[in-house]
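Hydrogens, waters and symmetry mates play no part in the numbers below; they use all other heavy atoms, side chains included.
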Amino acid sequence: MILETKRLLLRKLTKEDYDDLCEILQDEQAMYAYEHAFSDQEAMGWLERQLTRYQTDGVGLWAVIRKEDGAFLGQAGLTYQDVGETVPVLEVGYLFKRKYWGNGYASEAAIGCKEYAFHTLKAAQVYSIIRDNNLASQRVAKRNGMTVVKTIVKHYYGMDMPHLVFQAKNRESV
């Protein structure tokens, strides 16, 4: 286990989580900000990237498990991302199965990830990089105490995709 919140446990993903990940990554509605549902190969690549991140970065997206029944709800965690700075920034990211949207799980997991970054990793700040049309994820970032610091354009899937860069600073490191 990486971290625990009131209702959730976050742990490293394993190959056994592939089918649960596909329920998110292959759902067109859940993946609307990516402009497409993932193929089997893209979903496996996504999982393998997380497993590699655990080894190389010590962080990655983690499985979000509901304590009360062990249900796999989605994924949330910390990854290093490029936002045009001199070094990659630590991002709080989250993706959940659509059937669990609207229950506060993403906010709870995101806040837990931010606190883990600040208290365990001693990070000075964290970011969330969110597509401009992803209003639900923007609300999660705001509930996580983040504010927009800039806009960037990511080139993905043959398209230019504007993203808002949210940031929260660790008050203990100021």
How long is the gap from [atom1] on [X] to [atom2] on [Y], to the nearest 0.5 Å?
X      : Y      : atom1 : atom2 : value
Ile129 : Ser137 : CD1   : OG    : 12.5 Å
Leu25  : Met31  : CG    : CE    : 5.0 Å
Ile130 : Arg139 : CD1   : CZ    : 10.5 Å
Ile152 : Asp160 : CD1   : CG    : 12.0 Å
Glu42  : Cys22  : CD    : SG    : 11.0 Å
Leu51  : Asp17  : CG    : CG    : 9.0 Å

Applying a strict under-4.5 Å side-chain criterion to I, L, V, M, F, W and Y, I'd like to know whether [X] and [Y] cluster together.
X      : Y      : value
Leu8   : Ile111 : no
Tyr80  : Phe166 : yes
Val165 : Leu78  : no
Val89  : Tyr156 : no
Leu3   : Leu13  : yes

At their closest point, which heavy atom of [X] faces which heavy atom of [Y], and how far apart are they?
X      : Y      : answer
Ala109 : Ala76  : CB-CB, 3.8 Å
Leu21  : Leu47  : CD1-CD1, 3.7 Å
Gly93  : Leu61  : O-CD2, 3.8 Å
Ala30  : Trp101 : CA-CZ2, 3.6 Å

Could you check whether [X] pairs with [Y] (Lys NZ or Arg NE/NH1/NH2 to Asp/Glu carboxylate O, under 4.0 Å)?
X      : Y      : answer
Arg143 : Glu108 : no
Lys122 : Glu172 : no
Lys150 : Glu85  : yes

Side chains of [X] and [Y] in contact at under 4.5 Å (non-hydrogen atoms):
X      : Y      : result
Lys12  : Gln50  : no
Leu121 : Val59  : yes
Arg11  : Ile65  : yes
Thr79  : Asp57  : no
Gln81  : Pro88  : no
Glu23  : Phe72  : no
Gln75  : Tyr94  : no
Phe118 : Lys169 : no

So does [Y] get a backbone contact from the side chain of [X], meaning a donor-acceptor N/O pair under 3.5 Å?
X      : Y      : value
Asp82  : Gly84  : yes
Arg131 : Ala33  : yes
Tyr54  : Arg49  : no
Asn144 : Ala110 : yes
Lys67  : Thr5   : yes
His119 : Ala117 : no
Gln138 : Asp132 : yes

> Can you list the steps and then say if Trp62 with Tyr116 is a ring-ring contact (aromatic ring centres under 6.0 Å, His included)?
Replying inline: CA-CA 13 Å; Trp62 302 307; Tyr116 179 86; 5.5 Å; yes
> Do Trp46 and Phe38 have their ring centres less than 6.0 Å from each other?
Replying inline: yes
> For the residue pair Tyr100 and Tyr105, does the interplanar ring angle fall in the parallel (under 30°), tilted (30 to 60°) or perpendicular (over 60°) class?
Replying inline: perpendicular
>> One pair to check against side-chain contact (heavy atoms from CB on, under 4.5 Å): Phe96 and Val64. What are the steps and the verdict?
In response: CA-CA 9 Å; Phe96 283 78; Val64 178; 3.8 Å; yes
>> Using salt bridge (charged side-chain N to carboxylate O under 4.0 Å, His left out), reason through Asp20 and Lys97 one step at a time and then give a plain yes or no.
In response: CA-CA 8 Å; Asp20 280 308; Lys97 292 181 180 181; 2.6 Å; yes
> Are a donor atom and an acceptor atom from the side chains of Gln41 and Ser39 found within less than 3.5 Å of each other?
Replying inline: no
>> Can you confirm whether the side chains of Tyr127 and Glu91 place a donor and an acceptor under 3.5 Å from each other?
In response: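 Tyr127 vs Glu91: no donor-acceptor pair found between side chains.
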>> Using the rule given for side-chain contact (heavy atoms from CB on, under 4.5 Å), can you reason through Lys15 versus Met44, listing the C-alpha separation, both sets of side-chain angles and the distance that settles it, and then say yes or no?
In response: CA-CA 9 Å; Lys15 296 264 187 186; Met44 183 54 75; 4.3 Å; yes
>> Applying side-chain hydrogen bond (donor to acceptor under 3.5 Å, both in side chains) as the test, list every pair that has at least one member in residues 25-34; sequence neighbours left out.
In response: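 side-chain hydrogen bond (donor to acceptor under 3.5 Å, both in side chains) check on residues 25-34 returns Gln26-Asp40, Asp27-Arg98, Gln29-Arg98, Tyr32-Asn134.
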